[in-house]
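All values below come from the heavy atoms of this structure, side chains included, with hydrogens, waters and symmetry mates left out.
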Amino acid sequence: MPERPKVIYLGSDAICLPGLETLVERCASQCELVGIVSQPDRRQGRGKKLQANPVATFARERVIPLLQPEKPDADLVEWIRSEGVALAFVMAYGHFLPKALREAPIHGIVNFHGSLLPAYRGASPVETAIAEGETETGVCLMRIVKEMDAGGVADCEKLAIGPDETSPEVRARLGEAVRPLIARNLKPLLSGESVFVEQVRSEATFCRRITKEDGAIDFSLAGGVICNRFRAFNPWPGAFFEHGLQPIRVGEMTCISSDRDSRQAPGTVVSAGHSLEVAVGDGLLSLGQLQRPGGRMLPAQEFLRGYPIGVGELLGGRKAVPLVRKEP
């Protein structure tokens, strides 16, 4: 019986798990998964105990050889070469892959990228697509090259973005979308017969890393834009505004069409009853759940009984920093 081609998987996030499960199932007949490479266990939580990421936990539970270098190094490259690895898959690993590593497997390294390339290359394709109001996204199977997310694309699996979906919900479905990509492409990838079509560089857009400050509400934006950003940044960095010196987190928001008085500056409280209604760029924003530092997330009406915010007050916001650019 001929030896099955050897493959490895590099990843650290829960989005990798559906693809890994499919790869393990397919490897029973088509290939041999000889190792998983993931981030080292990190100290987390109040007790600062070492905790494994979801991919490392998967490897240990399935008794698959697990490598956890602090960063991809010469030892990892040598191990891949010595094992005779035919192909490497990567998704949400968290490290730049140097040239020596990209060239170590016989048929190279392929990546599952969570956008419809060449749109949204970079660190936050899921969050940025939602924040920008996209109604469709997907996962692209692409070749890893030196330039960020610039390699040729062999296949894409598309999916719709629901009007109320948050980043974790879309991310979970993107993870599942890897399954059919592996099913369709594993055989040609292992034989080196896959065709990778170069991206059109002039059509590329780039998304940056999300920061804590992106959660600050920019009341000058249109209500729909603010709500899209709220979905995108749920659960982190969330959404908040400033009242005096207090950051107030928002747990629920709705856009309201309104012929509001244009003299009301964005951020002005228009109503403070069942919800907190605030003037925004094109109407009103209804804030249904609020939380003060050290407190619980409460329905707005209950919150306002213990923490009054008056009609006419101007809430503090921050100018939103663009998420998309044409250059990396």
Could you tell me the separation between the CE atom of Met253 and the CG atom of Leu276, rounded to the nearest 0.5 Å? 11.0 Å
Just checking Lys326: does its NZ atom have more than 12 heavy atoms from other residues, nucleotides or ligands closer to it than 6.0 angstrom? yes
Is a side-chain donor or acceptor of His95 paired with a backbone partner of Gln39 at a separation under 3.5 angstrom? no
With the side chain counted from C-beta on, respond yes when Met91 and Tyr9 share a heavy-atom pair under 4.5 Å apart, and no when they do not. yes
Less than 4.5 Å apart, any side-chain heavy atom of Met297 and any of Phe303? no
Side-chain heavy atoms of Gln199 within contact of Val153, under 4.5 Å: yes
Heavy-atom side-chain contact between Pro54 and Cys16 under 4.5 Å: no
Would you call Glu21 and Arg179 a salt bridge, using N to O less than 4.0 angstrom? yes
Within the structure provided, determine whether Pro69 and Val37 are in side-chain contact (heavy-atom separation under 4.5 Å). yes
May I ask you to say whether Arg201 pairs ionically with Glu327, meaning some side-chain N is under 4.0 Å from a carboxylate O? yes
Within 6.0 angstrom of Leu50 CG, more than 12 heavy atoms from elsewhere: yes
Nearest 0.5 Å, please: how far is CD1 in Ile8 from CG in Leu23? 11.0 Å
Tell me whether the guanidinium CZ or amine NZ of Arg292 lies under 6.0 angstrom from the six-membered ring centre of Tyr307 and within 45° of its axis. no
Test item: side-chain donor near acceptor, Asn228 and Arg231, under 3.5 Å: yes
Do you see a donor-acceptor pair shorter than 3.5 Å between the side chains of Tyr120 and Glu132? no
Do Asp214 and Glu127 come close enough that some side-chain heavy atom pair is under 4.5 Å? no
Straight-line distance of Arg171 CZ to Thr166 OG1, nearest 0.5 Å: 10.5 Å
What I'd like to find out is whether the side chain of Arg318 reaches to under 4.5 Å of the side chain of Phe240, using heavy atoms alone. yes
Please report the interatomic distance OG(Ser275) to CD(Gln289), rounded to the nearest 0.5 Å. 11.5 Å
With a 4.5 Å cut-off on side-chain heavy atoms, are Leu20 and Ile36 touching? yes
Here the gap from Lys146 atom NZ to Met148 atom CE, rounded to the nearest 0.5 Å, amounts to 13.5 Å
Pro322 and Arg208: which non-hydrogen atoms are nearest, and at how many Å? O-NE, 3.0 Å
